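So you know, we letter chains A, B, ... as the sequences are listed, proteins then strands, and number each from 1. In this text, all values refer to a predicted model and were calculated from it rather than measured experimentally.
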Amino acid sequence: MNSSTSAPAKPGDFIRDIIDADLQAGRHDEVITRFPPEPNGFLHIGHAKSICLNFGLANDYRQRLPQSKTRCNLRFDDTDPAKEDTLFEEAIQADVQWLGFEWGGLYHASDYFEKMYEYAEHLISAGKAYVCSLSDAEIKEYRGSVTTPGKPSPYRERTTEENLDMFRRMRKGEFKEGEHVLRAKIDMANANMKMRDPLLYRIRHTSHHMTGDKWCIYPMYDYAHPISDAIEGITHSICTLEFENNRELYDWMIDNLKDYAKFPSRPHQYEFARLNLNYTVMSKRRLQELVEGKHVSGWDDPRLPTIAGLRRRGYTPESIRAFCASVGIAKANSTVDMAQLEFCIRDDLNTKAARVMAVLKPLKVVIENYPEDSVEELNAPYWPQDMQKEDETKRTTRKVPFAREVYIEEDDFMLDPPKDYYRLGPGREVRLRYAYLVTCTDVVKDASGKVIEVRCKYDPNVKPGESPPDRKVKGAIHWVSAKHAVDAEVRLYDRLLSEEAPPTGKDSEFINAINPGALQSLTGCKLEPSLASVKPAERFQFERQGYFISDVKDSKPSNLVFNRIVTLKDSWTRAQKK
RNA sequence: UGGGGCGUCGCCAAGUGGUAAGGCACCUGGUUUUGAUCCAGGCAUUCCGAGGUUCGAAUCCUUGCGCCCCAGCCA
């Protein structure tokens, strides 16, 4: 039965336990979920967690149930016309697809506005809803507080006829915004504030991106959401922890409407903890502030944890899905370490990204005993030894030209290196990767004493790529032939914030926590010539440095631009800091 | 000082009365022409605290403590 080779042990979680029990007990014979974003911003990695859960559930149970009995809908929760936009909807759809998921149906809460209106009239007729004409300040006052009960609105006992008439006139547009609202008639003294006659409809003379000017009354989330779920036949309605208090109201709505509406399902709401990540910001408000305040280049700035930003940064959908699986689903508020996300992309790219050589901060090296005009085309494998074995396609090699003058990384030379530094220094020998062994014989300094050129001699007796049997040369550094190098701009990205947690409270204070080194743009970087023709969005490992991707927007063959996705794990510089 | 939730290793997270999974991080050693990868090993006598029940408790009971959410005509 269980013969799959590498099916990663799907971690169970309390939601899957509930669904299993529901199926077992016959409470449901389908698993229908939904991902319900409000189209008023871009999706971020926190949404990815919800997407992986909701779409993942549908995918998982497809193994057990008939195709027609499991799906995940994409539903835009577009009940607030002032904030929502089609532009966001398009971006959201692109993000969900890019993450690798397919929705069963694509809907809008606004698809159901007419039904919702009808159900509202039903509630009024049943004495379960009334038009309240208190001002917003009065409503707030009448609601009481968490420790004191509220008191009934003076409009609470309007007759059904009057309520119906008022509500119809609200729809017709006879009133100004704020003059009246429709409220559920529940219990103004309920210990759960959400149950104190919650608002169902408010007047908004604003056109809606989907329904235009058809409506001037719009349903509130607590009214629209359960109805939308029930109409779509959702079985398990999954949301985040802050909606726990809303669940009682969710159930109230469904229970008071189901006999009349004959919904195809009796959905239940379950809550899980949203994702928090350190060294970044996740709230819609903060992301928006970064974008609108021009602290970043846009919603897809590679420093942002938005799906669009991660995509442009070079993250793969697989790595994000692996990350979401690795953090699990639970009910405890938690903050995941950014290192866990970074591990996931390194782990994925390790087997996907070809190795190439690029010098980011060039230092010229002249090999004095190498012939002036000679050029050798050396063979360099795209993949490390151990990886070739597992995949035939990863046996490929390219030629890299070697000549008398090459560039090496500034950091790979030290004038007075410690003994455990096995790179280049006066009198020291290193291997130029895939090429020769060179020994530093001299340096050239500028007026300020800075080393601007390193003089070396190479050992002509050791063939390129070969190891001398007698000597142990510990260091192997990357290099690029000076006259063959291709210039490029390389954008070194790092964590958005320099602090683990952004300062809380005070609206804009987190702006001060932005890591000034989150983007460091380098020009005049020297790439091996094989990179001259890379197309946008191609990923590589620049050996010994990290994973990089050609920028999808700015990189052109004539003007190469690479983004650093993530550095390689680096135990050397970590040890240095101690 | 109401109601709803949550507290298991530095960070996530299994576990639901039978004697603390796993991942990340970290540490040690091996391999290595990436100080990468890979491989081997280490890393909670203890589960927020205190009592109690039991042969036996992270799991049950009592009682403290801490944190999150709810008083938008946002979602």
Side-chain angles (χ1 to χ4, degrees), chain A residues 9 11-13 17 36-38 40 77 79-80 82-83 132 134-136 139-141 143-150 177-183 189-196 199-204 218 220-222 224-225 239-248 271 273 275 278 284 323 325-344 346-347 350-351 355 357 381 384-387 420-423 430-435 437 465-467 473-478 500 541-546 567-576:
Chain A
D13 54 64
D17 290 345
E38 182 185 13
N40 69 345
D77 214 339
T79 55
D80 186 356
K83 299 194 297 191
C132 180
L134 251 22
S135 70
D136 56 349
I139 286 177
K140 183 180 164 73
E141 183 198 331
R143 189 149 38 214
S145 77
V146 292
T147 49
T148 60
E177 290 186 12
E179 277 190 297
H180 311 285
V181 294
L182 184 73
R183 302 177 74 171
N190 199 298
N192 180 354
M193 299 282 296
K194 297 290 181 194
M195 298 299 277
R196 321 246 262 226
L199 276 61
L200 267 28
Y201 271 91
R202 75 286 216 192
I203 297 169
R204 284 283 176 278
Y218 291 93
M220 301 286 290
Y221 168 85
D222 284 311
H225 206 83
C239 62
T240 43
L241 253 28
E242 67 270 29
F243 291 99
E244 280 176 323
N245 298 316
N246 301 57
R247 188 177 58 236
E248 192 178 356
E271 311 87 16
L275 173 69
N278 59 13
K284 203 168 271 185
F323 171 73
S326 80
V327 302
I329 300 295
K331 294 196 70 160
N333 284 311
S334 61
T335 300
V336 176
D337 197 319
M338 185 60 90
Q340 189 145 339
L341 214 209
E342 293 169 346
F343 165 81
C344 290
R346 284 191 192 105
D347 189 47
N350 180 39
T351 56
R355 275 64 171 172
M357 293 197 287
Q385 203 74 49
D386 49 350
M387 219 161 288
D420 61 345
Y421 178 88
Y422 31 91
R423 277 115 99 150
V430 292
R431 168 175 302 282
L432 294 179
R433 232 165 127 61
Y434 314 124
L437 264 30
E466 292 191 350
S467 293
V473 180
K474 184 89 170 148
I477 64 176
H478 60 277
E500 255 200 62
Q541 183 194 102
F542 287 178
E543 292 210 55
R544 304 207 305 134
Q545 309 195 87
T567 61
L568 249 32
K569 217 172 130 182
D570 182 1
S571 51
W572 168 246
T573 54
R574 183 150 35 82
Q576 292 313 287

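Within 4.0 Å of A:Asp136, counting heavy atoms only, lies at least one base atom of the nucleic acid. As judged by a 4.0 angstrom heavy-atom cut-off over every strand, A:Ile139 is placed among the base-contacting residues. Among the atoms of the strands shown, none is found under 4.0 Å from any heavy atom of A:Arg196. A:Asp420 comes within 4.0 angstrom of a base, heavy atoms only. Counting non-hydrogen atoms under 4.0 angstrom, A:Leu437 reaches nothing in the nucleic acid. At the heavy-atom level, A:Tyr221 lies under 4.0 Å from base atoms of the strands shown. At the heavy-atom level, A:Glu466 lies under 4.0 Å from base atoms of the strands shown. Contacts of A:Val181 with the nucleic acid, taken as non-hydrogen atoms under 4.0 Å apart, include base atoms. No engagement by A:Tyr218 is indicated, since no non-hydrogen atom pair under 4.0 Å with the nucleic acid exists. Using a 4.0 Å heavy-atom cutoff across all strands shown, A:Thr567 reaches no nucleic acid atom at all.
Rounded to a whole Å, the CG atom of A:Asn350 is 13 Å from the P atom of B:C24. Atom CG in A:Leu568 sits about 9 Å away from atom C1' in B:U37, given to the nearest Å. To the nearest angstrom, P of B:G72 lies 14 Å from CZ of A:Arg204. The interatomic distance linking A:Asp17 (CG) with B:G15 (C1') rounds to 11 Å, in whole Å. Between the C1' atom of B:U37 and the CD atom of A:Glu543 lies a distance of 12 Å, rounded to the nearest Å. Counting to the nearest Å, the P atom of B:A75 and the CG atom of A:Asp77 are 7 Å from each other. Atom CE of A:Met387 and atom P of B:U32 are 17 Å apart (whole Å). Look at NZ on A:Lys194: it is 11 Å from P on B:A75, rounded to the nearest Å.
Between A:Thr351 and the phosphate of B:U37, there is no side-chain N or O to OP1/OP2 separation shorter than 4.0 Å. Under 4.0 angstrom from either OP1 or OP2 of B:A36 there lies no side-chain N or O belonging to A:Arg346. For A:Thr148, no side-chain nitrogen or oxygen approaches OP1 or OP2 of B:A71 to under 4.0 Å. An OP1 or OP2 oxygen of B:C74 is reached within less than 4.0 angstrom by a side-chain nitrogen or oxygen of A:Arg202. Within the structure, every side-chain polar atom (N or O) of A:Arg431 is placed at least 4.0 Å from both OP1 and OP2 of B:U34. In terms of phosphate contacts, A:Ser145 brings no side-chain nitrogen or oxygen within less than 4.0 Å of OP1 or OP2 of B:G2.
Across the strands present, B:A58 finds no partner; the criterion is a Watson-Crick or G-U wobble pair with both atom distances under 3.5 angstrom. B:U32: no Watson-Crick or G-U partner with both key distances under 3.5 Å is found in any strand. Checking B:G10 for Watson-Crick or G-U wobble geometry (two distances, each under 3.5 Å) identifies B:C24 as its partner.
A gap of 15 Å separates the P atoms of B:C9 and B:U59, to the nearest Å. Rounded to a whole angstrom, the distance from the C1' atom of B:G10 to that of B:G4 is 30 Å. Spacing of C1' atoms, B:A44 relative to B:U53, comes out at 26 Å, to the nearest Å. With both ends at atom P, the span from B:G22 to B:C39 equals 15 Å, rounded to whole Å. Annotation: B:U46 and B:U8 have their C1' atoms spaced 9 Å apart (nearest Å). Distance check on atom P: B:G49 versus B:C55 gives 24 Å, rounded to whole Å. B:C27 and B:C65 have their C1' atoms separated by 34 Å, given to the nearest Å. Nucleotides B:U54 and B:U62, compared at atom C1', are 16 Å apart to the nearest Å.
With RNA chain B read from its 5' end, the first of the two nearest nucleotides for A:Arg433 and A:Ala273 is the one closest to A:Ala273. Map A:Arg143 and A:Tyr434 each onto its nearest nucleotide of RNA chain B; the residue landing nearer the 5' end is A:Tyr434.
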Polar-atom pairs under 3.5 Å, protein N or O versus N or O of nucleotides 40-43 of chain B: list them with distances, or write none.
none

For nucleotides 46-48 of chain B, tabulate all protein N/O to nucleotide N/O atom pairs closer than 3.5 Å, reporting atom names and distance.
none

Filtered N/O pairs between nucleotides 4-8 of chain B and protein, under 3.5 Å:
residue : atom : partner  : partner atom : Å
B:G5    : O2'  : A:Glu244 : OE1          : 3.3
B:G5    : O2'  : A:Glu244 : OE2          : 2.9

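Stacking between A:Trp572 and the base of B:G35 is present: ring centres sit under 5.5 Å apart and the planes differ by under 30 degrees.
On a pure distance criterion of 3.5 Å, no polar donor-acceptor pair joins the side chain of A:Gln385 and the base of B:U32.
With rounding to the nearest 0.5 Å, the separation of NE2 in A:His180 from CG in A:Leu134 is 11.5 Å.
Closest approach to the A:Thr147 side chain among B:G2, B:A25, B:G35 is made by B:G2 (side chain taken as heavy atoms from C-beta onward).
Classification of B:G66 as anti follows from a glycosidic angle more than 90° from 0.
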